[in-house]
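Below: the structure, in structure tokens.
We name chains A, B, ... by the order of the sequence lines, and we start the count at 1 in each one. Quick note: numbers below take in every heavy atom, side chains included, and nothing from hydrogens, waters or symmetry partners. Predicted model, so just to flag it, every value in this text is computed and none were measured.
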Protein chains: 2
Amino acid sequence: MAVTMHDVAQRAGVSIKTVSNVVNGYPYIRPATRERVEAAIAELGYRVNVSARNLRTRRTGLVTLAVPELSLPYFAQLADAVMSAADAAGWTVLIEQTSASRERETEVLSGRRRHLTDGLIFSPLALGPDDIDLFTVDFPLVVLGERVFGAPADHVTMNNVAAAKAATLHLASLGRRRIAVVGAHAGQEVGSAALRTEGYRQGLAEAGLPYDPALVVEAGPWHRSTGAEAMARLLDAGVEVDAVFALNDALALGALHALHAHRVDVPGEVALMGFDDVDDARFAVPALSSVDPGRDQIAQTAVDLVLQRIGASGDPAPFRRVVPDSRIVGRESTGEDGSVVGVQPGGTELVAADLTVA
Amino acid sequence: MAVTMHDVAQRAGVSIKTVSNVVNGYPYIRPATRERVEAAIAELGYRVNVSARNLRTRRTGLVTLAVPELSLPYFAQLADAVMSAADAAGWTVLIEQTSASRERETEVLSGRRRHLTDGLIFSPLALGPDDIDLFTVDFPLVVLGERVFGAPADHVTMNNVAAAKAATLHLASLGRRRIAVVGAHAGQEVGSAALRTEGYRQGLAEAGLPYDPALVVEAGPWHRSTGAEAMARLLDAGVEVDAVFALNDALALGALHALHAHRVDVPGEVALMGFDDVDDARFAVPALSSVDPGRDQIAQTAVDLVLQRIGASGDPAPFRRVVPDSRIVGRESTGEDGSVVGVQPGGTELVAADLTVA
DNA sequence: TTGTAAGCGTTATCAT
DNA sequence: ATGATAACGCTTACAA
């Protein structure tokens, strides 16, 4: 049988309330009493029963982070950052994988595990604008990503258009004139592909470069393999290219392989820029230039927001849309040395105050 | 105020016990009663209070998985597999990152979060044979990896020596005679590097090839970058090589880059074999041959074992050491087509029965 | 097949 | 500054 507060109280010759006070750092305790209690705790090897505390306080101290897949480096690193931020605030993160399936994503919002934690940080990939009703929930929720805008919840997202525009302009500023984009999703109007492609177009326009459809390469799922295929297609088609903007780093790494295989020198003949700035980018050969969308800031902000909602009692604070600063990191693949060559400022926007968080 | 079983009972005109029975799938309930209760649950939107249940049953339904870092692809994929296996059994996984620090690894075994879950699957990297006392614990524990052998706990590990030997023999069977190994840790006697290097030596011996220290390349942390450096060192030294066995896939991927950079054809001039069979291996160009250490089986077994211990009441079952089968997957980097070219059978071993799991 | 009632180990209210 | 005591919502003997 486990040691309880009662046992400790008896041993220390105090009431159970006093033990509780000591355990929870209540300040007004006579030092002598505190010491006696602490000694008893140590002798008996007492540990608070988390379930009992949770029942009583109606809090679990846990927050869920729901992402598509941990094996995608971006999400693994995001999870890492979220856990660190939560840790620092004394909270614990429960990770949930959705495999980007509608069913699992719906379950995250209303399924069996919903009640295991006090709040949810959710990066949807299957659910989209049409599912916005599902996001109208009565618990602290922070939405990540660019699938769902306008849900009655806090939202942390990226500077997609501005960052993609800046990346394109950066390639132009290096003297590149035939800038291809890899990873477009034709016909799609929502999500990262659409936004980043739009940024690419704006960048071209501002640089005074023509928009050439032959330079826009589709790549369905944003994986290394599809990036390699897309790049090979572009090269095999004989299209003239002197720079490639891949819409994420997996695509860029795949493209890098294809360029190598075709004996195209990077950055000599073709400069290459990715997006996400995952660890792999730094370690690639040549090191990959990329857009850092502010992953750590996203994680920190998401944790701050969800904890604020959890802590908020009653007052329906307006929902916030937060966009961290993003940075362009120039490495070998664009002939640079690894320094930040551009910053796109983010910002915070207040949205509404419809929902009372219970 | 949240809906409780009491409310449901009232609404359905039954006792709280009956509601509990329905919720927990107790079979002997009159269908009519069950329907009434289910209707009430639906109308009221009732959900069980997990904390109350946990307090009463002394179970949380959670299992901790402690790994060094999610951003290492092997561990991200292991976490994925463990979560899936636990999911299938109706359990939830709480992931903990240790950053391979002694402090964090010690905390996992005895820290604040220990009591959040019913059991622990632990892959230590900092703690080693000298810390075996820390592993003598009174809760269900399954140890993973090759840092700690002989702890009073179940242990799931890999076929390191046999698999490395088979990989080496396989390269020899392809006609390679100058087989280098990348990732050795000189002077270390415990851990994956030592075991796999030993397998390499055994493989050479059995193939009748001489052991040449010039072909044994050190690489401290097993990252892509160190693999690239190590490979470059080997090539720059002008050592004759026609095959490379990298002790994990990150090293192999790094080596692949270096080989490309040196314009060495893979597999034409040099055949390359990794270890771990992470997703990246399949997507590399050329696709990387690797040793699949049975990751999914490791995950499944670890979950089975920890759940068995959690379920076991009193009887001190003997500790088991389980080694899954491992497979050699031959892909383009050894001139093959992606099929399994060798299986090293694992096995189970019973160890002792000292510890009574509470 | 269903109901009654006693805790599980905390925290919180209210005294003192 | 500390003590009694009543919940928190559920499971589980035991009864009926």
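- Formation of a donor-acceptor pair under 3.5 Å by the A:Thr60 side chain with backbone atoms of A:Leu62 is found in this model.
- Using a 4.0 Å cutoff on non-hydrogen atoms, no part of residues 108-119 of chain B comes near DNA chain C.
- Aromatic ring centres of A:His155 and A:Phe149: separated by under 6.0 Å.
- Taking atom CG on A:Asn54 and atom C1' on D:dA7, their separation rounds to 16 Å, with Å as the unit.
- When distances run from any side-chain atom of A:Arg30 to the nucleotides D:dG9, D:dT2, D:dC10, the shortest one goes to D:dT2.
- Contacts classified as side-chain hydrogen bond (donor to acceptor under 3.5 Å, both in side chains) and involving residues 26-46 of chain A (residues at least two apart or in different chains) are given here: A:Arg11-A:Glu43.
- Side-chain contact between B:Arg309 and B:Phe319: present, with at least one pair of heavy atoms (C-beta onward) separated by less than 4.5 Å.
- Side-chain contact of A:Gln308 with A:Asp304: a donor-acceptor pair under 3.5 Å is absent, judged by distance alone.
- Taking atom CG on A:Asn49 and atom C1' on D:dC8, their separation rounds to 13 Å, with Å as the unit.
- Side-chain atoms of A:Asp7 come within 3.5 Å of backbone N or O of A:Thr4 as a donor-acceptor pair.
- With hydrogens and angles ignored, the 3.5 Å screen pairs no side-chain donor or acceptor of B:Arg320 with any backbone N or O of B:Asp154.
- Distance alone, capped at 3.5 Å, is enough to place a donor-acceptor pair between the B:Glu105 side chain and the B:Ala126 backbone.
- Using modelled atom types, no side-chain atom of B:Asp118 and backbone atom of B:Val63 make a donor-acceptor pair closer than 3.5 Å.
- Residues B:Thr4 and A:Tyr28 both approach DNA chain D. Their nearest nucleotides, taken by heavy-atom distance, put A:Tyr28 toward the 5′ side.
- Residues of residues 15-25 of chain A that place a heavy atom closer than 4.0 Å to DNA chain C, in numerical order, are A:Ile16, A:Lys17, A:Ser20, A:Asn24.
- The residue A:Leu55 sits close to a base: some heavy atom pair falls under 4.0 Å.
- Inter-residue side-chain proximity for A:Ile95 and A:Thr64 is flagged as unmet; no heavy-atom pair is nearer than 4.5 Å.
- Under the 3.5 Å distance criterion, the side-chain polar atoms of A:Ser20 are left unmatched by any main-chain donor or acceptor of A:Ile16.
- For D:dC8, neither phosphate oxygen OP1 nor OP2 lies less than 4.0 angstrom from any side-chain nitrogen or oxygen of A:Arg53.
- Between the P atom of C:dG3 and the CE atom of B:Met5 lies a distance of 13 Å, rounded to the nearest Å.
- For the helix from C:dT1-D:dA16 to C:dT16-D:dA1, the terminal axes (five pairs an end, C1' atoms, rotation from four pairs onto the next four) enclose an angle of 30°, given to 10 degrees.
- Taking every heavy atom of residues 33-47 of chain A and every atom of DNA chain C, pairs under 4.0 Å involve A:Tyr46, A:Arg47, by number.
- Looking at heavy atoms from C-beta onward, A:Leu144 lies in side-chain contact with A:Leu78 at the 4.5 angstrom threshold.
- Not a single donor-acceptor contact under 3.5 angstrom links the side-chain atoms of A:Arg56 to the base of C:dT10.
- The NE2 atom of B:His6 sits 12 Å away from the C1' atom of D:dC10 (whole-angstrom rounding).
- B:Tyr26 places its OH atom 12 Å from the P atom of D:dA13, with the value rounded to the nearest Å.
- Side-chain proximity of A:Ala52 to D:dG9, C:dG3, C:dT10: nearest is C:dT10.
- Sorted by first then second residue, the side-chain hydrogen bond (donor to acceptor under 3.5 Å, both in side chains) pairs that include residues 85-103 of chain B, not counting sequence neighbours, are A:Asp80-B:Gln97, A:Arg113-B:Asp87, A:Arg113-B:Thr92, B:Glu96-B:Arg113, B:Arg102-B:Asp131.
- The minimum heavy-atom distance between A:Pro124 and A:Val148, with the atom names listed, is CG-CG2, 4.2 Å.
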